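Notes follow the structure.
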2 protein chains.
Amino acid sequence: MNIGDVSTRLGLPAKTIRYYEDIGLIKPLRSANGYRTFVAADVHRLAFLGRARALGFTIEDCRTLMALYHDESRASSDVKDLAKDHLGKIEAKIHDLQMMHETLSELVNTCAGDNRPDCPILSDLSGLSSTLS
Amino acid sequence: MNIGDVSTRLGLPAKTIRYYEDIGLIKPLRSANGYRTFVAADVHRLAFLGRARALGFTIEDCRTLMALYHDESRASSDVKDLAKDHLGKIEAKIHDLQMMHETLSELVNTCAGDNRPDCPILSDLSGLSSTLS
DNA sequence: TCTTGACCCTCCCGTCACGGGAACCTTCAT
DNA sequence: ATGAAGGTTCCCGTGACGGGAGGGTCAAGA
(Lines give C-alpha, C1' and ligand atoms only; values in the text may rest on other atoms or scores of the structure.)
Protein backbone atom coordinates (compact mmCIF):
# COMPACT_ATOMS: atom_id res chain seq x y z
CA MET A 1 0.00 0.00 0.00
CA ASN A 2 1.10 3.51 -0.79
CA ILE A 3 0.69 6.44 1.52
CA GLY A 4 -2.45 7.69 -0.22
CA ASP A 5 -4.29 4.43 0.31
CA VAL A 6 -3.37 4.39 3.99
CA SER A 7 -4.37 8.00 4.30
CA THR A 8 -7.79 7.35 2.81
CA ARG A 9 -8.31 4.18 4.79
CA LEU A 10 -7.46 5.69 8.15
CA GLY A 11 -8.48 9.26 7.56
CA LEU A 12 -5.00 10.45 8.46
CA PRO A 13 -3.38 13.12 6.25
CA ALA A 14 -0.34 11.91 4.32
CA LYS A 15 1.60 14.75 5.93
CA THR A 16 0.82 13.34 9.34
CA ILE A 17 1.93 9.86 8.32
CA ARG A 18 5.23 11.19 7.00
CA TYR A 19 5.65 13.15 10.20
CA TYR A 20 5.11 10.02 12.28
CA GLU A 21 7.84 8.33 10.30
CA ASP A 22 10.13 11.34 10.77
CA ILE A 23 9.85 11.11 14.53
CA GLY A 24 10.27 7.36 14.52
CA LEU A 25 6.78 6.17 15.38
CA ILE A 26 6.56 4.00 12.28
CA LYS A 27 9.18 2.58 9.93
CA PRO A 28 7.54 1.67 6.63
CA LEU A 29 9.71 0.02 3.99
CA ARG A 30 10.49 1.68 0.67
CA SER A 31 9.92 0.24 -2.74
CA ALA A 32 12.41 0.64 -5.59
CA ASN A 33 10.92 3.96 -6.67
CA GLY A 34 11.34 5.44 -3.23
CA TYR A 35 7.68 5.26 -2.32
CA ARG A 36 6.80 4.23 1.22
CA THR A 37 5.27 0.75 1.36
CA PHE A 38 2.89 0.07 4.21
CA VAL A 39 2.20 -3.44 5.38
CA ALA A 40 -0.63 -4.45 7.72
CA ALA A 41 1.50 -3.93 10.82
CA ASP A 42 2.24 -0.35 9.77
CA VAL A 43 -1.41 0.35 9.15
CA HIS A 44 -2.24 -1.12 12.52
CA ARG A 45 0.30 1.07 14.28
CA LEU A 46 -1.04 4.13 12.48
CA ALA A 47 -4.60 3.27 13.44
CA PHE A 48 -3.44 2.92 17.04
CA LEU A 49 -1.79 6.33 16.84
CA GLY A 50 -4.86 7.88 15.29
CA ARG A 51 -7.07 6.64 18.08
CA ALA A 52 -4.65 7.66 20.80
CA ARG A 53 -4.32 11.14 19.30
CA ALA A 54 -8.10 11.39 19.04
CA LEU A 55 -8.22 10.80 22.78
CA GLY A 56 -5.88 13.74 23.18
CA PHE A 57 -2.73 11.89 24.14
CA THR A 58 0.44 13.75 23.21
CA ILE A 59 2.84 12.26 20.71
CA GLU A 60 5.19 11.31 23.52
CA ASP A 61 2.32 9.61 25.34
CA CYS A 62 1.57 7.75 22.13
CA ARG A 63 5.16 6.63 21.93
CA THR A 64 4.94 5.29 25.45
CA LEU A 65 1.57 3.64 24.83
CA MET A 66 2.88 1.92 21.72
CA ALA A 67 5.90 0.68 23.64
CA LEU A 68 3.64 -0.66 26.37
CA TYR A 69 1.41 -2.28 23.79
CA HIS A 70 4.34 -4.15 22.33
CA ASP A 71 5.76 -5.04 25.71
CA GLU A 72 4.41 -8.45 26.71
CA SER A 73 5.59 -7.99 30.27
CA ARG A 74 3.89 -4.63 30.84
CA ALA A 75 1.76 -3.95 33.89
CA SER A 76 -1.69 -2.58 33.16
CA SER A 77 -1.10 -0.14 36.01
CA ASP A 78 1.49 1.65 33.87
CA VAL A 79 -1.09 2.18 31.16
CA LYS A 80 -3.75 3.16 33.65
CA ASP A 81 -1.46 5.65 35.38
CA LEU A 82 -0.64 7.31 32.09
CA ALA A 83 -4.30 7.49 31.16
CA LYS A 84 -5.32 8.83 34.56
CA ASP A 85 -2.65 11.49 34.32
CA HIS A 86 -3.98 12.48 30.93
CA LEU A 87 -7.52 12.47 32.28
CA GLY A 88 -6.40 14.91 34.95
CA LYS A 89 -5.02 17.26 32.33
CA ILE A 90 -8.23 17.04 30.35
CA GLU A 91 -10.20 17.88 33.45
CA ALA A 92 -7.97 20.85 34.16
CA LYS A 93 -8.46 22.15 30.64
CA ILE A 94 -12.20 21.69 30.83
CA HIS A 95 -12.20 23.55 34.10
CA ASP A 96 -10.21 26.48 32.69
CA LEU A 97 -12.47 26.66 29.68
CA GLN A 98 -15.57 26.56 31.83
CA MET A 99 -14.26 29.45 33.92
CA MET A 100 -13.67 31.46 30.75
CA HIS A 101 -17.06 30.46 29.45
CA GLU A 102 -18.81 31.54 32.60
CA THR A 103 -17.20 34.96 32.73
CA LEU A 104 -17.52 35.59 29.04
CA SER A 105 -21.11 34.46 28.72
CA GLU A 106 -22.11 36.77 31.56
CA LEU A 107 -20.42 39.63 29.78
CA VAL A 108 -22.01 38.72 26.48
CA ASN A 109 -25.43 38.57 28.08
CA THR A 110 -25.11 42.03 29.52
CA CYS A 111 -23.97 43.57 26.25
CA ALA A 112 -26.72 45.21 24.28
CA GLY A 113 -25.14 44.36 20.95
CA ASP A 114 -26.59 47.32 19.14
CA ASN A 115 -24.94 50.22 17.37
CA ARG A 116 -24.23 52.23 20.47
CA PRO A 117 -20.64 52.17 21.74
CA ASP A 118 -21.34 51.31 25.38
CA CYS A 119 -20.15 47.79 26.04
CA PRO A 120 -19.73 45.96 29.33
CA ILE A 121 -17.29 43.56 27.70
CA LEU A 122 -14.85 46.34 26.91
CA SER A 123 -15.53 47.95 30.28
CA ASP A 124 -14.58 44.75 32.02
CA LEU A 125 -11.44 44.25 29.94
CA SER A 126 -10.39 47.83 30.57
CA GLY A 127 -10.59 47.26 34.30
CA LEU A 128 -13.62 49.44 34.85
CA SER A 129 -15.39 46.37 36.12
CA SER A 130 -18.62 47.87 37.31
CA THR A 131 -19.11 44.62 39.22
CA LEU A 132 -21.87 43.22 37.09
CA SER A 133 -25.27 42.54 38.60
CA MET B 1 8.32 52.56 35.17
CA ASN B 2 10.68 49.90 33.91
CA ILE B 3 9.61 46.58 32.52
CA GLY B 4 10.25 44.73 35.76
CA ASP B 5 7.91 46.95 37.73
CA VAL B 6 5.15 46.51 35.17
CA SER B 7 5.77 42.79 35.12
CA THR B 8 5.41 42.55 38.88
CA ARG B 9 2.42 44.82 39.02
CA LEU B 10 0.45 43.01 36.33
CA GLY B 11 1.77 39.52 36.76
CA LEU B 12 2.84 39.45 33.13
CA PRO B 13 6.30 38.05 32.30
CA ALA B 14 8.73 40.62 30.92
CA LYS B 15 9.14 38.36 27.89
CA THR B 16 5.46 38.63 27.19
CA ILE B 17 5.53 42.41 27.46
CA ARG B 18 8.45 42.63 25.03
CA TYR B 19 6.60 40.30 22.71
CA TYR B 20 3.54 42.53 22.79
CA GLU B 21 5.74 45.42 21.78
CA ASP B 22 7.31 43.36 18.99
CA ILE B 23 3.94 42.67 17.46
CA GLY B 24 2.81 46.25 17.87
CA LEU B 25 0.25 45.93 20.65
CA ILE B 26 2.02 48.51 22.78
CA LYS B 27 4.56 51.22 22.01
CA PRO B 28 6.36 52.18 25.20
CA LEU B 29 8.87 55.04 24.99
CA ARG B 30 12.55 54.51 25.60
CA SER B 31 14.68 56.42 28.06
CA ALA B 32 18.22 57.55 27.26
CA ASN B 33 19.74 54.25 28.36
CA GLY B 34 17.53 52.29 25.99
CA TYR B 35 15.24 50.94 28.70
CA ARG B 36 11.52 50.80 27.95
CA THR B 37 9.56 53.39 29.88
CA PHE B 38 5.96 52.55 30.64
CA VAL B 39 3.46 55.27 31.38
CA ALA B 40 0.00 54.74 32.84
CA ALA B 41 -1.58 54.32 29.40
CA ASP B 42 0.86 51.53 28.55
CA VAL B 43 0.16 49.76 31.81
CA HIS B 44 -3.54 50.10 31.17
CA ARG B 45 -3.22 48.60 27.71
CA LEU B 46 -1.17 45.73 29.10
CA ALA B 47 -3.74 45.07 31.82
CA PHE B 48 -6.42 45.04 29.13
CA LEU B 49 -4.38 42.53 27.15
CA GLY B 50 -3.79 40.39 30.19
CA ARG B 51 -7.49 40.15 30.94
CA ALA B 52 -8.43 39.48 27.33
CA ARG B 53 -5.82 36.73 27.09
CA ALA B 54 -7.05 35.27 30.36
CA LEU B 55 -10.47 34.95 28.74
CA GLY B 56 -8.82 32.99 25.97
CA PHE B 57 -8.99 35.56 23.21
CA THR B 58 -6.27 35.15 20.62
CA ILE B 59 -3.69 37.87 20.11
CA GLU B 60 -5.45 38.94 16.93
CA ASP B 61 -8.75 39.12 18.81
CA CYS B 62 -7.00 41.25 21.41
CA ARG B 63 -5.76 43.56 18.69
CA THR B 64 -9.30 43.97 17.41
CA LEU B 65 -10.71 44.43 20.91
CA MET B 66 -8.16 47.13 21.68
CA ALA B 67 -8.97 48.87 18.44
CA LEU B 68 -12.68 48.76 19.27
CA TYR B 69 -11.95 49.99 22.76
CA HIS B 70 -10.18 53.04 21.39
CA ASP B 71 -12.76 53.62 18.71
CA GLU B 72 -15.34 56.05 20.06
CA SER B 73 -17.70 55.29 17.21
CA ARG B 74 -17.73 51.55 17.68
CA ALA B 75 -20.92 49.53 17.82
CA SER B 76 -21.26 47.25 20.81
CA SER B 77 -22.56 44.63 18.41
CA ASP B 78 -19.08 44.32 16.92
CA VAL B 79 -17.65 43.52 20.32
CA LYS B 80 -20.49 41.18 21.14
CA ASP B 81 -20.15 39.32 17.86
CA LEU B 82 -16.45 38.78 18.45
CA ALA B 83 -17.12 37.57 21.97
CA LYS B 84 -19.92 35.27 20.86
CA ASP B 85 -17.71 33.80 18.20
CA HIS B 86 -15.06 33.16 20.79
CA LEU B 87 -17.65 31.67 23.12
CA GLY B 88 -18.60 29.26 20.38
CA LYS B 89 -15.00 28.13 20.01
CA ILE B 90 -14.74 27.66 23.75
CA GLU B 91 -17.89 25.57 23.72
CA ALA B 92 -16.55 23.46 20.88
CA LYS B 93 -13.34 22.82 22.77
CA ILE B 94 -15.19 21.95 25.94
CA HIS B 95 -17.33 19.55 23.95
CA ASP B 96 -14.33 17.85 22.36
CA LEU B 97 -12.63 17.51 25.70
CA GLN B 98 -15.77 16.11 27.29
CA MET B 99 -16.01 13.49 24.58
CA MET B 100 -12.42 12.48 25.21
CA HIS B 101 -13.04 12.50 28.91
CA GLU B 102 -16.06 10.27 28.63
CA THR B 103 -14.34 7.66 26.49
CA LEU B 104 -11.14 7.72 28.44
CA SER B 105 -12.72 7.55 31.86
CA GLU B 106 -14.74 4.53 30.83
CA LEU B 107 -11.57 2.85 29.66
CA VAL B 108 -9.73 3.80 32.82
CA ASN B 109 -12.53 2.43 34.94
CA THR B 110 -12.44 -0.93 33.23
CA CYS B 111 -8.68 -1.26 33.54
CA ALA B 112 -7.56 -3.32 36.50
CA GLY B 113 -4.40 -1.31 36.97
CA ASP B 114 -2.44 -4.15 38.47
CA ASN B 115 0.75 -5.88 37.38
CA ARG B 116 -0.90 -8.09 34.80
CA PRO B 117 -0.52 -7.07 31.17
CA ASP B 118 -4.19 -7.28 30.14
CA CYS B 119 -5.48 -3.77 29.55
CA PRO B 120 -8.73 -2.61 27.95
CA ILE B 121 -7.16 0.78 27.22
CA LEU B 122 -4.55 -0.77 24.96
CA SER B 123 -7.13 -3.17 23.52
CA ASP B 124 -9.31 -0.26 22.54
CA LEU B 125 -6.44 1.71 21.03
CA SER B 126 -5.32 -1.33 19.07
CA GLY B 127 -8.74 -1.65 17.51
CA LEU B 128 -9.72 -4.80 19.34
CA SER B 129 -12.55 -2.86 20.86
CA SER B 130 -14.35 -5.59 22.73
CA THR B 131 -17.30 -3.20 22.90
CA LEU B 132 -17.10 -2.39 26.56
CA SER B 133 -19.96 -3.14 28.92
C1' DT C 1 4.74 6.81 -28.33
C1' DC C 2 3.44 10.69 -26.13
C1' DT C 3 1.05 13.06 -22.92
C1' DT C 4 -1.66 14.10 -19.14
C1' DG C 5 -3.00 13.91 -14.65
C1' DA C 6 -2.66 11.75 -10.35
C1' DC C 7 0.36 10.08 -7.46
C1' DC C 8 4.78 10.22 -4.78
C1' DC C 9 9.23 12.33 -2.95
C1' DT C 10 12.22 15.85 -0.10
C1' DC C 11 12.97 20.24 1.83
C1' DC C 12 11.90 24.39 3.97
C1' DC C 13 9.08 27.82 6.06
C1' DG C 14 4.89 29.09 8.91
C1' DT C 15 1.78 28.31 12.71
C1' DC C 16 0.67 30.41 18.05
C1' DA C 17 2.24 32.81 22.00
C1' DC C 18 5.61 32.99 24.05
C1' DG C 19 10.14 30.65 27.07
C1' DG C 20 15.15 29.82 27.55
C1' DG C 21 19.45 31.31 27.24
C1' DA C 22 23.61 33.70 25.36
C1' DA C 23 26.16 37.86 25.14
C1' DC C 24 26.20 42.28 26.42
C1' DC C 25 25.16 47.03 28.77
C1' DT C 26 23.43 49.95 32.92
C1' DT C 27 22.41 51.03 37.49
C1' DC C 28 22.79 50.84 42.28
C1' DA C 29 24.66 49.54 46.71
C1' DT C 30 28.54 48.27 49.13
C1' DA D 1 35.98 49.05 42.35
C1' DT D 2 33.13 45.41 42.36
C1' DG D 3 29.31 42.58 42.19
C1' DA D 4 24.46 41.78 41.94
C1' DA D 5 20.42 42.88 39.88
C1' DG D 6 18.29 45.04 36.58
C1' DG D 7 17.87 46.04 31.42
C1' DT D 8 18.84 45.14 26.06
C1' DT D 9 18.91 42.34 21.47
C1' DC D 10 19.04 38.12 19.05
C1' DC D 11 18.18 33.52 17.98
C1' DC D 12 16.48 28.93 18.71
C1' DG D 13 12.81 25.72 20.56
C1' DT D 14 8.08 24.40 21.59
C1' DG D 15 3.72 20.68 19.41
C1' DA D 16 1.92 18.61 15.76
C1' DC D 17 1.56 19.22 11.92
C1' DG D 18 0.01 22.35 7.12
C1' DG D 19 1.29 24.71 2.78
C1' DG D 20 3.75 24.93 -1.05
C1' DA D 21 7.86 24.68 -4.21
C1' DG D 22 10.33 21.79 -7.22
C1' DG D 23 10.83 17.57 -8.93
C1' DG D 24 10.42 12.23 -9.96
C1' DT D 25 6.98 8.13 -11.09
C1' DC D 26 3.13 5.64 -12.82
C1' DA D 27 -1.06 4.15 -15.31
C1' DA D 28 -4.29 5.14 -18.86
C1' DG D 29 -5.94 7.11 -22.97
C1' DA D 30 -5.09 9.35 -27.83
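Since we're looking at a predicted model, the values are computed, not measured. To find a chain, count down the sequence lines: A is the first, B the second, and so on, and within it residues start at 1.
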Which of B:Lys93, B:His86, B:Glu91 passes side-chain hydrogen bond (donor to acceptor under 3.5 Å, both in side chains) with A:His101? Answer is B:Glu91
A:Asp114 versus B:Ser76, side-chain donor and acceptor atoms under 3.5 Å: yes
ask   = Taking only N and O in the side chain of A:Arg30, is any of them less than 4.0 Å away from OP1 or OP2 of C:dT10?
value = yes
When rounded to whole Å, the CZ to C1' distance for the pair B:Phe38 and D:dG6 reads 14 Å
Exercise. Should B:Arg63 be listed as having a side-chain N or O under 4.0 Å from OP1 or OP2 of C:dC16?
Worked result: no
Rounded to whole Å, the CD1-P distance (B:Ile17 to C:dG19) equals 11 Å
Report which part of the nucleic acid A:Tyr20 touches: base, sugar-phosphate, or nothing (heavy-atom distance under 4.0 Å, all strands). sugar-phosphate
Rounded to the nearest 0.5 angstrom, the NE2-OG distance for A:His44 and B:Ser126 is 4.5 Å
When rounded to whole Å, the CZ to P distance for the pair B:Arg36 and C:dT26 reads 15 Å
With B:Tyr35 as partner, the option from B:Leu29, B:Asn2, B:Ile3 fulfilling side chain to side chain contact (heavy atoms under 4.5 Å, CB included) is B:Asn2
Can you check whether A:Arg53 has a side-chain N or O nearer than 4.0 Å to OP1 or OP2 of D:dC17? yes
When rounded to whole Å, the CD to P distance for the pair A:Glu21 and D:dC17 reads 15 Å
Of A:Tyr19 and A:Tyr35, the one whose nearest nucleotide on DNA chain D sits closer to the 5' end is A:Tyr19
By nearest-heavy-atom nucleotide on DNA chain D, the more 5' of B:Ile3 and A:Phe57 is B:Ile3
- Message: So, OP1 or OP2 of D:dT8: does either fall under 4.0 Å of a side-chain N or O from B:Arg18?
- Response: yes
Whole-Å distance, B:Lys93 NZ to C:dC16 P, equals 12 Å
Considering just the side-chain nitrogens and oxygens of B:Thr16, establish if one lies under 4.0 Å of OP1 or OP2 belonging to C:dG19.
yes
Which of C:dG19, D:dA16, D:dG18 is nearest the side chain of A:Ile59? It is D:dA16
To the nearest angstrom, the CD1-P distance between B:Ile26 and C:dA17 comes to 16 Å
Report task. Determine the contact category for A:Ile23: base if any of its heavy atoms lies under 4.0 Å from a base atom, sugar-phosphate if only primed atoms, P, OP1 or OP2 are that close, otherwise nothing. Result -> nothing
d(A:Ser73 OG, B:Arg116 CZ) to nearest 0.5 Å is 15.5 Å
Contacts of B:Lys15 and A:Asp5 projected onto DNA chain C by closest heavy atom; the upstream (5') one is A:Asp5
Between C:dC25 and B:Asn33, is there an OP1 or OP2 to side-chain N/O distance shorter than 4.0 Å? no
